[in-house]
Amino acid sequence: MYTAPDHPFLARLRDRVLFTAGPIGSTLLSFNLTADDFVAFPGTAREEAHQDCPEWLNVANPEILQRVFRMFYEAGADAVDSCSFGANDVVLAEFGLADRTRELNRLAAQVINKVRDEFSTPEWPRYSFGTNGPGTKLPSLGHIAWDELVRSYREQVSGLIEGGIDVLKVETCQDLLQTKAALAACADVFAEMGVRIPVIVSVTIETTGTMLLGSDIAAALTALEALDVVDVIGVNCSLGPDGMVEHVRYLAEHCRRPIFVAPNAGMPEVVDGQACYRLTPEDFARYHRIFVDEFGANIAGGCCGTTPAMFEAAIAAIGRRAPKRRTPALEPSSSSLYTSVPFRQDTSFLVIGERLNATGSRAFRDLLLAGDLDGMVALAREQTAEGAHVLDVSVDFVGRNGAPDMEALAGVLRTQSTLPLVFDSTELPVIETALKLYGGKAIINSINLEDGERKITRLMPLIRRHGAAAIALVIDEEGQARTAEWKLRVAHRIYEIAVGRYGLEPSDLLFDMLTFPLSGGQEDLRKDAMETLEAIRRVKVELPGVNTVLGVSNVSFGLKTVARRVLNTVFLHEAIEAGLDAAIVNAKQIVPLNRIPEEQLATALDLIYDRRREDYDPLTHFLGLFEGVEAEKAVKVDRSTLPVDERLRQRIVDGDRRGIDADLDDALETMDALTIINQHLLEGMREVGELFGSGKMQLPFVLQSAETMKTAVAYLEPHMEKTDGSGKGKIVLATVRGDVHDI
Ligand code: THG
């Protein structure tokens, strides 16, 4: 549960819209600086130059930067960005300046604060924003590890705070894992230094309608709003303001923190070797009026290419007043890197796929033991197709070391599964490993009071630091709670700790009231299902806002598959009637209640509610109903009925290279290798390109398709005719060094 820190800047945001300027890099570019401008202490023994490192200007030429800051404060901006966008040691290392990260940031804050002080008055306080850019590495794609990234950002944030910066701005975010690492660094430094200044976080939505890594605005909001260190959420850079309208509208409707909007001055075009921005001051003002008056944006900013004239126009058009009041609605959710998935599903329950479980699924265990990551990804995708909304992931298995297994699996699932993940482990290091890899908002399975408060008080800080939700099991020092009374007692205790002490949002707490199998028939377990249903009903009343979850298959352990399917379905139905929100199930095994024969249904209900009579034991009767009955084989959708060219094209689109050799052999019987590549495989890639361009396919899946293409071409290569080799040309590909797109 976020509560705003008591800070004058945040109080000020509630009263009046704040104008802030951040086009430091593009303004510097328009000055056409020369190599000389980047030389510090020229002509002395200390002479040192780092050309094209804007942050170095804080040392070499602060006057130039101060000219920029002054231009925007003069135009009426309440806040201006420091020159520190790329001042983290990952980027500075490219200039040999990594070990001076802290110093450069401290200086960056001091250099802007000097100008801020020229303008700031008690009636009109001005602010300095310490900008913190994404750097050049994408942790979700494995370019850099969480710990290294956090350490790098900590240096930057420490320096900015030491230099007296007013507000931190984690901006132009492209990868939510990078974003979360930067925010974790802010939280660390606050704790370490005993200070708390406001934090703005702002993501960049590309022309695809998502962040570079494929996250849509809802996914970003879900992941970021779960972090207490975040005070303001927004969007910046990328498209011009017109391309931002829908994303700002989404934030306006859902985001409970103040909103920040800082468009570029349109998409830059290159004219005569100069970046040229088409937006006019009138357009800039018009769009900001929409953002402020229609959507209620609290901070109106400008990113690359915006000019003092634009700020003058916007301030004249909008004035110094409060933005429109908003009434945002919280939608309790989890998220993957790509999408946000609400806990409460309108016409269903939240389906948590159970099959990625080393103790619960033989198929998965075999894949895990064989280290077959592609196979595990395929199992994840199967469950997606079967209707799962999120996926439970448990690598716990006797005799194996869970952390490396989780590292490998979560390392691929984070980009290869569109569904949010539930990290299911009894081992704290396994949970921590997973959280450090995950850019989305995960669900942690689970917290409990098995060893009193020892473990829960170690897990909760992790859960809060990474902005996860948590499943709580009703287990205490005495064991798994058996009666509704006992279950509720444990639930109240956990609530007190998780919500009361650690500030978890109540809706991010999912209580699992647990049930024992009904299949054993022991006298003392006969009423357990009933107690569970009663506890689900009561917890929703006694602890308002919390959600409930259940591992449904537990109820039927020990029965044969056909019987399990019926009992699971009926028990799930009863639990949903009692108010259950989510269930860990095998999605394809849940059947609609109306397809269950009447006698099976009635007997299952008798079993659940322990309606034994003389000469009638529902358990015995239930078992009898399935004697000699076997489950029909599940029908699997596959490509094998398609003609071979279709099969290959579809494989490229699906990014599925497992067993592609056989399909290629098939194809080679009727066509030559080049035809396969040029007509069929490339046709698949063309479709991938279209899906990507229209925002329907995210980058990591495109990479998966490319990998499949590579595998296919490598296989076909020996079948290609050699030409004389005289036609070899040269290809030159270039990208811009140090640019944020330099991936
Ligand atoms: N609550 C919470 N988490 C949980 C559980 C729970 N996590 C683990 C488990 N229980 C839920 N997961 C499973 C996974 C598989 C099965 C049951 C629960 C299962 N497997 C079949 C079997 O064992 O017969 C299939 C075996 C196979 O495919 O090889 O039933 O309760 N919070």
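It should be emphasised that the depicted structure is a prediction, and the values quoted were computed from it without experimental measurement. Just follow the structure's listing: the first ligand is 1, and inside any ligand the first atom is 1.
Between Glu496 and Arg493, no side-chain nitrogen of the basic residue sits less than 4.0 Å from a carboxylate oxygen of the acidic one, so the salt-bridge criterion is not met. Between Arg538 and Glu542, at least one side-chain N (NZ, or NE/NH1/NH2) sits under 4.0 Å from a carboxylate O, which counts as a salt bridge.
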message: Working note: Asp663 + Arg647, criterion salt bridge (charged side-chain N to carboxylate O under 4.0 Å, His left out); need CA distance, chi angles, decisive distance, verdict.
response: CA-CA 7 Å; Asp663 281 349; Arg647 232 145 68 205; 3.1 Å; yes

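Pairs passing the salt bridge (Lys or Arg N to Asp or Glu O under 4.0 Å) check and including a residue from residues 404-419, sequence neighbours excluded, read Arg400-Asp405. Pairs engaging residues 503-515 under the salt bridge (Lys or Arg N to Asp or Glu O under 4.0 Å) rule: Arg256-Glu505, Lys441-Asp508 [sequence neighbours left out].
Annotation: side chain to side chain contact (heavy atoms under 4.5 Å, CB included) contacts of Glu453 (sequence neighbours excluded): Ile456, Thr457, Ile497, Arg501.
Listed by chain and number, Glu354, Asn357, Gly360, Ser361, Arg362, Asp424, Asn445, Ile471, Leu473, Asp512, Gly551, Ser553, Asn554, Phe557, Arg564, Ile584 each place a non-hydrogen atom less than 4.0 angstrom from ligand 1.
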